[in-house]
Structure formats: structure tokens, C-alpha cells
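In what follows, chains are A, B, ... by sequence order, proteins preceding strands, each numbered from 1.
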Protein chains: 2
Amino acid sequence: MRIGELAETAATTTKTLRFYESQGLLPPAERTPAGYRDYNPDTVARIDFIHRGQAAGLTLAQIRQVLDIRDRGRAPCDHVRDLLDARLVAIERQIAHLTALRDNISELRDHAAEPEPATCSPDQICRYL
Amino acid sequence: MRIGELAETAATTTKTLRFYESQGLLPPAERTPAGYRDYNPDTVARIDFIHRGQAAGLTLAQIRQVLDIRDRGRAPCDHVRDLLDARLVAIERQIAHLTALRDNISELRDHAAEPEPATCSPDQICRYL
DNA sequence: CTTGACCTTCCCCTGCACTGGAAGGTCCAG
DNA sequence: CTGGACCTTCCAGTGCAGGGGAAGGTCAAG
């Protein structure tokens with residue numbers, strides 16, 4: 001199948017597929033005599049895997065590592081488990097950070113609402129910050 | 001005060017200060033006869049304000065808008081309140097998204113742990129994704 | 001007079017995952 | 001034989017907030 005068909009089937013764009021190839025996420029495609037890329041339909045599964053990895057918050061570089069391991073014939077499962085564990089830790093940290101930020105902003109917003117002066121004091125830029 | 005002193009006092013770098021000036025967050029500084037920037041010590045408060053805005057998750061473009069309003073003599077408080085409200089909404093969305101992501105990853109991770117085959121099935125890249 | 005710290009402008013680089021567009025080749029229907 | 005859809009490569013830009021480093025000017029101390 002040609003790149004446009006693959007892009008549509010796998011819900012992506014031709015630009016992205018060429019980009020993935022340049023980044024080593026897809027192996028260099030076969031070529032027709034005219035130089036067109038000619039893909040094996042199995043490539044769709046590989047792109048779906050990339051999409052699932054992205055949905056889990058992995059970077060393309062991490063996904064490429066996983067695919068490299070798989071392409072060398074080894075099972076990348078343990079590596080993926082470690083990546084997911086690291087993602088979980090990072091996500092927990094992000095959530096904690098955002099929660100604290102939300103509480104800070106809420107406080108700023110509500111704390112400043114009470115006195116309600118017509119304008120800020122001249123030596124201050126804004127009573128909310 | 002010169003740029004190095006201001007940078008140290010305001011806990012930033014000379015690079016950043018020149019960048020802020022180029023982005024309109026700081027007014028063009030006075031110059032000494034030799035061409036050195038010569039800052040009013042009040043500038044420290046302005047940089048602190050920028051830092052507080054960043055800590056609240058505002059972009060430099062948004063902070064610049066606030067400072068522009070203030071510099072035109074008007075109180076930016078209402079505008080800042082709106083920005084903070086929008087940030088709160090965005091943060092809530094981010095938290096919800098990250099929480100769902102965390103739950104998905106947790107499930108992937110624990111669900112795949114049980115059968116524990118030695119390797120992934122040949123038509124699958126990894127049992128975790 | 002020189003050394004070293006500080007300052008100036010200038011342009012390019014970073015990470016991330018693409019996206020846009022130019023210039024040109026290929027293929028098929030009408 | 002022409003038009004349009006599709007494909008190729010390559011270069012450059014996006015957003016965000018700066019950072020790196022070159023080439024050169026300035027100033028005070030020794």
C-alpha cells in the first residue's frame with residue numbers, strides 16, 4: 001500500500017509517516033520502481049502501537065527504543081513496564097504539582113477579592129499576584 | 001544598577017533580562033554614557049511580579065499584557081482575575097486528564113502482569129501496550 | 001600597560017512532534 | 001495530451017522561554 005492509503009488507514013498523515021521513518025520509528029519502506037514508498041499492511045499495527053505509546057505519555061524516542069528491542073527479536077515487555085512505572089511516578093508528581101498550583105491560585109484569587117479597592121496600590125502591580 | 005547586579009538581586013540572569021526587554025516585559029533600560037544598561041532598583045519588583053505570574057502558570061505573553069495595562073495607568077486586576085480563572089479551568093482539565101492517564105497506565109501495567117508469558121505473542125509488539 | 005570582570009550586539013541552538021511549502025516526478029482518466 | 005491526484009526530496013518554521021558563544025567595548029585594580 002502507498003503512503004496516502006497507509007496514512008488514512010492508520011489515522012495519521014503522510015508527513016508524519018515520513019517523519020517517523022526519518023526518526024527510525026518505521027523501517028525504511030520498500031519502493032516501487034517509480035520510487036514510491038510501498039508498505040506492508042502490517043505497518044498499521046506498528047503505527048497503532050506508536051499511538052498507544054503516545055497515549056500513555058511516552059516520547060517518540062522511548063517508543064523507538066521499545067521498537068528497536070522488538071526488532072532485534074527480544075521481548076521489550078520488561079523495558080515497557082519500567083517505562084510505564086517511570087511515567088506513573090512522573091504523572092503523580094505532575095498531579096501533585098498541579099494540585100498545589102491550583103490551591104495557590106484559588107487562594108490568591110479569593111484572598112484578594114475581599115478588600116476590593118478600586119485600584120491597586122501604586123507600589124504594587126496587581127492585588128492578585 | 002547594572003544588569004549583572006539586577007540579575008543577581010532578582011534571582012535571574014543577564015540573558016533573561018535582555019530577553020525580557022526584547023519581549024516588551026521590561027521597558028528599554030536607561031543607558032550609561034558607555035552604553036551599559038542602568039536600571040532603577042524598582043525594576044526588581046517588576047521582575048518579581050513576572051516570577052509570580054510564571055509561578056501561577058501564566059505565559060510571558062499574558063504577563064506582558066498585564067504589565068502593559070498597568071503601564072498605561074489602569075488597574076489590571078480584573079484582567080488578572082480572568083487569567084487566573086482561566087488557569088484554574090485549564091489546570092482542572094489537566095489534572096483530570098493526568099488522573100485518567102494514570103488510571104489507564106496502572107490498569108495496563110497490572111492487567112498484563114498476570115499471565116506473564118515468557119515473550120510477547122509474535123503478532124504483538126508488547127503485552128503492556 | 002595589562003589583566004580580568006563586566007558589558008554590548010548578534011545569531012544560532014535547545015526539546016518535542018510535527019507542519020508548510022517549494023520544486024519536481026508519476027500515474028491514470030478523459 | 002492534459003489535468004489532477006498522488007508521490008518524491010529538501011528546507012524551514014511552529015511554540016515556549018530562554019541558553020551558548022563569538023567578537024568586541026569599558027572600567028578599575030595592580
Table of protein N/O atoms under 3.5 Å from nucleotides 12-14 of chain D N/O atoms:
none

Using a cutoff of under 3.5 Å, can you pull out all pairs of nitrogen or oxygen atoms linking the protein to nucleotides 17-20 of chain C, with atom names and distances?
residue: C:dA17; atom: OP1; partner: A:Leu60; partner atom: N; Å: 3.4
residue: C:dA17; atom: OP2; partner: A:Leu60; partner atom: N; Å: 3.2
residue: C:dC18; atom: OP2; partner: A:Tyr20; partner atom: OH; Å: 2.8
residue: C:dC18; atom: OP2; partner: A:Gln54; partner atom: NE2; Å: 2.7
residue: C:dT19; atom: OP2; partner: A:Thr16; partner atom: OG1; Å: 3.2
residue: C:dG20; atom: N7; partner: A:Lys15; partner atom: NZ; Å: 3.1
residue: C:dG20; atom: O6; partner: A:Lys15; partner atom: NZ; Å: 3.0

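Remark: B:Asn40 engages no residue in a side chain to side chain donor-acceptor pair (under 3.5 Å) (not counting sequence neighbours). Taking the side chain to side chain donor-acceptor pair (under 3.5 Å) definition, one finds that B:Glu92 meets it with A:Arg102, sequence neighbours left out. In terms of the side-chain contact (heavy atoms from CB on, under 4.5 Å) criterion, residue partners of B:Ala90 (sequence neighbours excluded) are, by chain and number, B:Arg87, B:Arg93. With sequence neighbours left out, B:Thr14 forms a side chain to side chain donor-acceptor pair (under 3.5 Å) with B:Arg18. Residues forming a side-chain contact (heavy atoms from CB on, under 4.5 Å) with B:Phe49 (at least two apart in sequence, or on another chain): A:Ile125, A:Cys126, A:Leu129, B:Arg52, B:Ile63, B:Val66, B:Leu67.
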Taking only distance into account, with no hydrogens and no angle test, what donor-acceptor pairs under 3.5 Å do side-chain atoms of residues 22-30 of chain B form with protein atoms, sequence neighbours excluded?
residue: B:Ser22; atom: OG; partner: B:Phe19; partner atom: O; Å: 2.6

Would you give a per-nucleotide map of nucleotides 2-8 of chain C, 5' to 3', where B means the base has a protein non-hydrogen atom under 4.0 Å away, S means only the sugar-phosphate does, and - means neither?
----BSB
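Sorted by first and then second residue, the side-chain hydrogen bond (donor to acceptor under 3.5 Å, both in side chains) pairs involving residues 2-12 of chain A (not counting sequence neighbours) form an empty list.
Helix-axis bend for the helix from C:dC1-D:dG30 to C:dG30-D:dC1: the local axis fitted to the five terminal pairs at one end deviates from that at the other end by 40°, rounded to 10°.
Within a heavy-atom distance below 4.0 Å of DNA chain C, no residue of residues 82-100 of chain A is found.
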